[in-house]
Number of protein chains: 2
Amino acid sequence: MTSKKQTLKIAAEPTDQKRAATKTAAARKAANYVYVLGVDKADDIGDLKPLFGRQGASLADMALVGLPVPPGFTITTEACAYYHAHRGSCPTVLESQINAGLANMEKIMGRKFGDAKGFPLLVAVRSSARVPMPGMMDTILNLGLNDDTVQALAAATKNERFAWDCYRRFIQIYGDVVMGVEKRDGEDHEPFETVIEQFKNEHHDRGIFDSELTAADNQELVKRFKDLVRQFTGKPFPTDPWEQLMGAVGAAFRLWMNERAIAYRHKHNISDEWGTAVSVQAMVYGNTGETSGSGVAFTRNPFDGANEFHGEFLTNAQGEEVFFGVRTPEPINSLKQRMPKPFAELLKVRQTLEKHFRNMQDIEFTIQDGKVFLLQTRNGKRSATAALRISMDMVKEKLIDWETAVLRVPADQLDQLLSPIIETKKARGLAKGVPASPGAASGKIYLNIDRAVAAAENGEKVLFVCKEVSCNDLCGVDAAAGILTTRGGIASIAALMARRLGKACVCGASTMAIDYDKRTVTLSGETFKEGDFLSIDGTSGIVYAGNLVAPSEVVTGLLHGDKAAQKTEKCKNFLQLMQWCAKATRMQVRTNADDPEQTANAMAFGATGIGLARTDHMFFEGARVDLMREMILATNEAGRRKALAKLLPYQRADFVGIFKTLNGLPIVVRLFDPPLHEFMPHTNEQIRDLSKKLGIKVEAIQQRVAQLHEFNPMLGHRGCRLGIVYPEITEMQTRAIFEAAADVSKLKIKVQPQVMIPMVGFKKEFDLQAAIVHRVAREVMAEKKIKITYHVGVLIEVPRSALTADEIAQTADFFSFGTNDLTQTTLGISRDDMGSFLTPYTDNEIFRANPFASLDTTGVGQLMEIAVAKVRRTRPGIKLGICGEHGGDPDSVKFCHKLGLDYVSCSPYRVPIARLAAAQAAIEDKRRSQGLSLAPPGSQASRIM
Amino acid sequence: MTSKKQTLKIAAEPTDQKRAATKTAAARKAANYVYVLGVDKADDIGDLKPLFGRQGASLADMALVGLPVPPGFTITTEACAYYHAHRGSCPTVLESQINAGLANMEKIMGRKFGDAKGFPLLVAVRSSARVPMPGMMDTILNLGLNDDTVQALAAATKNERFAWDCYRRFIQIYGDVVMGVEKRDGEDHEPFETVIEQFKNEHHDRGIFDSELTAADNQELVKRFKDLVRQFTGKPFPTDPWEQLMGAVGAAFRLWMNERAIAYRHKHNISDEWGTAVSVQAMVYGNTGETSGSGVAFTRNPFDGANEFHGEFLTNAQGEEVFFGVRTPEPINSLKQRMPKPFAELLKVRQTLEKHFRNMQDIEFTIQDGKVFLLQTRNGKRSATAALRISMDMVKEKLIDWETAVLRVPADQLDQLLSPIIETKKARGLAKGVPASPGAASGKIYLNIDRAVAAAENGEKVLFVCKEVSCNDLCGVDAAAGILTTRGGIASIAALMARRLGKACVCGASTMAIDYDKRTVTLSGETFKEGDFLSIDGTSGIVYAGNLVAPSEVVTGLLHGDKAAQKTEKCKNFLQLMQWCAKATRMQVRTNADDPEQTANAMAFGATGIGLARTDHMFFEGARVDLMREMILATNEAGRRKALAKLLPYQRADFVGIFKTLNGLPIVVRLFDPPLHEFMPHTNEQIRDLSKKLGIKVEAIQQRVAQLHEFNPMLGHRGCRLGIVYPEITEMQTRAIFEAAADVSKLKIKVQPQVMIPMVGFKKEFDLQAAIVHRVAREVMAEKKIKITYHVGVLIEVPRSALTADEIAQTADFFSFGTNDLTQTTLGISRDDMGSFLTPYTDNEIFRANPFASLDTTGVGQLMEIAVAKVRRTRPGIKLGICGEHGGDPDSVKFCHKLGLDYVSCSPYRVPIARLAAAQAAIEDKRRSQGLSLAPPGSQASRIM
């Protein structure tokens, strides 16, 4: 490793003409190594990154737009190149250019660098390369502190502990990064940490934690740290701020050639010649008095998407305090009265940000002595409802086009729009807190996490109520439908957890009184015991009495035809989104549905047909299951046919209902699939009952049940294996389908049956079953004197059928991937049995995601690719779909689009999600093919300080 | 379809010069359309097939070699081409050339074509194309019969029924094939069959079967058939033999252009110009008196391979009678006295055949009035013992080279050499029958198939004894270890069935008396009741009293070190074969073995290491299973480690034993695989016992058993999934392996452990387990102060690991295909549960073979190909093997060779089979690459009559 102990040399040589010639025009124009934020005309340069690095470019960009970033300057990558070309010397002009940059900062901040009397100007120094890479310099904050300036800082902030803490941390990082006081080979601990440990051990009786170090503790540590530096390096810690600064700049240049950075660049094919820039920026403080403070804000409401400024603020505080959640922050709008000028400036910032980034931004800011500084901006996280509304509004505001709007709505969260809401008509609001995580939740209240978990395990709907969520509660929060706290804001742990888990949350309902002894909660004078119902609206922050959850307006509007709901903005936005999806998409979305109601719901959500109708689910109901049992217990074909003949009318009626509902849309009917034992009774009592009903001896039933037992039913006698052993089942089902199709066709309703053979592994299996389907279809069409266009296809759910898809395609009319079973067989994992190792597998990152929720594209997806390629080679135009549960998972849907499938099929409520994902995939495809960026402009996060 | 009703026109035109110019030199030399067998110099022509077709070429070939085929001639493909080029006319010269051919036949046979006074010359007419194809002319036998000659045939054979039967069949086939009296579209039955049905209905009271038609019946049918022909075609059935002959030749030419034949040729890219030849041959009859007869023979003994003429013969009989088995034939050697001259001729035929075909031949022959005619010759079926001995002898006789010898031994039957034999030292021979199917069998005798099946189901070893096997018995024969009959020979149903099923069989033990009422068998005056033991030697034909089965000489010689056995020819031949295998093979053969004895046996058979040692099998034994249960019932890691520590010494000792036995050969140790519930007790009593033993509450055990229950254990918590959840199991096993390896290494015995991680689907799974193995291996080597070279590899048994083999190969040292589980997962079929559909699947030919016995190369094999390609791309030199049961199946072994695997591993007794298959695969590869034929010369069957 290169030594870090050099300080910065300034060379006498002029710029190396040859090297400079290969650089940007701007660099050639003059030997300008320093660009001052918002002063130098960085916009002349074009792409700023090669010269400024990513961080520096982003800062320059924001300064150019007029955002109030803390003043500063950037030392260009040219300087770094010069440094390495001249054995660690810097160009002569650099010193004066840096001095000019500092002078500008001092002017804007009204402070002096190294001033030990007034409030000293302190700076942050960062390495800024085009691409972040390991081994480069860590950010150094509060540079400029020494034994004198620290006193000045303490006086200015009236906070001695804060000042010495800053100083102690500064020495630690500077000592490590710039001066090389770091762990040596074979040592266990960092030297500075060892000093702290030692100090803590000495004060063992006080039980010191890091954050509890007093001003005096830090002062003592500063002393020991400086001793350590001198011991370690043989040099004193630099007290001159200028020396500190030049040391940091040199370290940043040096570390560009650090071993890890070089290895990383070689691996990623990045030229060593790029070099790193260094950005130097003034430190700002929100804890200098009542005209200072820190806050976080969203440029629009992240819960419902309303076009309003939304955030919170703590007076006389640094940013960290907003997150610790010990003091409940005030709403951002309270600044309007308190600090009207800074508030007006924030509103301007808000406008500038949205215009520049064309997206809702999440910002951190500090107000120092009435002056606003923007510390960070990034695309704001938002609920699906908000994402939808913001996208729609931004299209209207002409900030984005409709395709970008579609890309901006998170498909995996779209079900939030269909999630229940509070039935506000009947509602009685009791309190208002901070709306911390969107959605509605009703539940029996519990004040203790263990009792909450126990109640949830008992099947109760639970609302967890507490003063503030502690770390101990975290593991149980998942059991609750929602969280309600008296303290904390949108940045509190409770709010973060709830948003991550997709639970409703209201924080800081400060008028709520909790009595942990009596286990009661009092709201607006009304007292609720544990077990009583409360409801919360995580979007409005209102707490209600009772169990008030009701279907979403989108559901009542689209599925129940509620006119009022249809007129809500949510519903209208949803419909607009779906309309755009239809415009963008290539891939169809069908639904998995077994009855008319599911079918109608899916169609209301835009499904273009049924991709999977399971004919066997129908057999578990009512009288039918006994007929099934009669068939299973029959000792010969005649007996089975007799029972099947009685099942036929039921099955036909089912199909009539679905066909009518579909009103002309296609339907894939999967023939009988489950192993027969699933239909049989298992307890002795049930067997006795059945024996009486059917007049079959108990022993005979027991024997048949025993005979049907399988070691691995998933891999047993099911799917087409049943139809091959008992062709009469296939015959009956085909007859039911085609008789129903004929009857419905005669009502002038088109029927497009697509009969699907399950669990096929061998072409011959398909052919044998398809022959029965074709024969019975011909028979029925002849009997009914009608022609029905139909197809016979195959369900790919074992690897062998994927691998031999070219053979099967010779005779099959369509293919559908049954990715549930295909995942089970490809991974050799039974979904029902994976509970015993799922957690260790997730913890060890063996699965990137549960492969039954999101398609394992590497394994299962590879088989699908093989199958698709083989099928298309045999029959290019053949229809391909997917009907596993992955059909409703956005990532899987996008993978299916990439594979070129014709449709995905999913459960009715996931149809909108699949439609959105399919549309996004198509738009991404289009943009990719046009060489456009997929991410909307300015979507990148910018950490300023 | 072209009409068949034309007769043959003879054209006046000369040979079309232009066409002929493109044909063979021989054809250009003269307009010679007819070659007389053994007279014309067909050997001038070179490859005979283009001109003579396959059948004609084979006949000409045999005649040239001097084999006594019935006289005849071949009309060349040139004539057929001429016929089609001249609108169905034949060249003028054809007539006289055919006449000359007939004259030659008349001369040799001493008969006249159409002679109604003496024995008439009758002929067989066949189509002979280069490649057989559908739609061509069926063979017409007994051409030349009419109302006059039939009488002469009856007189000559003194068998009126025979003569009229021949005549009736001749009209039927000639009427159909030549005259087009055949089923028309929409009709259900063939016209001739309808006439027979009608006739049978009229004689319903007599209950007539086809073979029971009397002379009078046939005479009546001849009349009705001729009426049918006239009705159908408007023409009489031709009575002139010449007209019959020319009609048949024309039909053969015409049918070359039949739709099915054309379609077939287009599909297989065969030129229409090839044309068909027609072969005309004299009919011969074995039923003309006491100097006539028919027989079958092998040029060597097909049971033990002895170089002796072996066969049987029936005097005054046609060939069919030898097969019906009603009269028991005499041994062929009895001809030596009875018909010395024909016998001498047969011996000459035997010699000529072996010299020509360089293989043991199975022939059919007829002696007509003292003259021998060869009707068929083909490579003779033989037992593995015989195949081995014949191959060895033929190498010595310089008939074949050693590579051919290796190819000639059927790998799938090599286990016959290891099968038990009769312990003749103690044996008491009671009778001698025909040795009809090789091998030894002892069993309790049963005279009724139902009782035999019932006894076998009770676990008894059964010998089925009967007068002759009837069709009703067939379904039960499989249950018996052997079959013993009083009637029939090597061509009887009993013998055929036994050979097909690989059972020992002695037929025609005519001195044995069966009393079905008393259920006894009497042999040499001694009476045996049902349930008494008899033994049979299917190779010698001897029947013995008692239970005498003993291990094969190969087993006692190689495994038990018996010197006498080692000196037997069988044992020496076996060793010679294995030596040649070692010389030829590329692929190694290892064994699946879990203990020193299995290991030693496999090594004696030539295994070069262990390809699969299952560490978990060891845990089911004795005290260990309780320790396993203690581990499983432990409630925490400490408890599990405690139980594992007690298991460690057992496991280490097991490995020490195996490592010592291996004496330096490599061993693949598969880590723990089965689901834990397999080790747990299930009945209440067993649970109570365990509760007492371990001092754990019954309820706790029951709860754990319930917890371990899985729906699909094959896809559940097993394999490396256990090692990931319980790393301490992997640690203990690794420690046992390396401690044992260290201890054995110190005895100066090399140990090459290859640790295999089972059930891997994700690279990360392998990496996590491999990290434990490497760590513990390092620890043990440090403790024991020794270095052991080892590898860590992966068992590929789920499709995902095959599909991602390139990723896994980045860190794994070797791969082994666990094709048992890989077949289960790829096909989605549980081996334990396929019983309920296996039969319908085999009947419907969905499986070509049971995929768990012989590798499904299309599906599972494709995955293996993908994996091999991917692995080799990542790490070209990595070792690849297979350790599923397919490793002992010859076809699968050959597939593995083709895939380029480094080794196969199989159970010890299948090691020789795998070695032979591997050697054959290598030789076949070599021959293929040298463009040599794989089949040894003359291996093709030749049906002469």
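Not measured: the values here are computed from a predicted model. In what follows, chains carry the letters A, B, and so on, assigned in the order in which the sequence lines appear, proteins first and then strands, with residues in each chain numbered from 1. In what follows, every heavy atom counts, from backbone to side chain, and hydrogens, waters and symmetry copies are set aside.
Proximity to chain B is limited to the side chain of A:Asp856, based on heavy atoms less than 4.5 angstrom apart. Heavy atoms of A:Leu822 lying under 4.5 Å from chain B are absent altogether. With a 4.5 Å cut-off on non-hydrogen atoms, A:Leu768 touches chain B through its side chain but not through its backbone. Neither the backbone nor the side chain of A:Met834 comes within less than 4.5 Å of any heavy atom of chain B. The part of A:Glu807 that comes within reach of chain B is its side chain, from C-beta onward, which places non-hydrogen atoms under 4.5 angstrom from that chain. Proximity to chain B is limited to the side chain of A:Phe762, based on heavy atoms less than 4.5 angstrom apart.
A salt bridge links B:Glu728 to B:Arg640: at least one charged side-chain nitrogen sits closer than 4.0 Å to a carboxylate oxygen. In this structure, B:Glu678 does not pair ionically with B:Arg718, as no charged nitrogen and carboxylate oxygen lie closer than 4.0 Å. Looking at A:Arg670 and A:Asp616, a side-chain N of the basic residue comes within less than 4.0 Å of a carboxylate O on the acidic one, giving a salt bridge.
Here the side chain of B:Asp833 pairs no donor or acceptor atom with the backbone of A:Leu715 at under 3.5 angstrom. Remark: the backbone N or O of B:Gly723 is paired with a side-chain donor or acceptor of B:Gln769 at under 3.5 angstrom.
Counting heavy-atom pairs under 4.5 Å between each of A:Ser836, A:Ser801, A:Pro840 and chain B puts A:Ser836 at the top. Considering only heavy-atom pairs separated by less than 4.5 Å from chain B, the leading option among A:Gln862, A:Met714, A:Arg721 is A:Arg721. Counting heavy-atom pairs closer than 4.5 Å to chain B, the top-ranked of the candidates A:Asp832, A:Ile829, A:Thr839 is A:Ile829. For chain B, the option among A:Asn844, A:Ile866, A:Thr804, A:Val860 with the highest count of heavy-atom pairs below 4.5 Å is A:Asn844. Comparing A:Glu710, A:Arg800, A:Lys764 by how many heavy-atom pairs each has under 4.5 Å with chain B, the most go to A:Arg800. Chain A forms the most heavy-atom pairs under 4.5 Å with one residue out of B:Asn712, B:Asp821, B:Val725, B:Val798, and that residue is B:Asn712. Note: A:Ile846 leads A:Ile846, A:Thr858, A:Leu722 in heavy-atom pairs under 4.5 Å with chain B.
In B:Arg848, the CZ atom is not crowded: 12 or fewer heavy atoms of neighbouring residues, nucleotides or ligands sit closer than 6.0 Å.
Looking at A:Leu795 and A:Phe817, their side chains never come closer than 4.5 Å, going by heavy atoms from C-beta outward. Side chains of B:His886 and B:Asp891 form no contact here, defined as non-hydrogen atoms less than 4.5 Å apart.
In plain terms, the two heavy atoms of A:Leu803 and B:Gly859 that are nearest each other are CD1-O, 3.5 Å.
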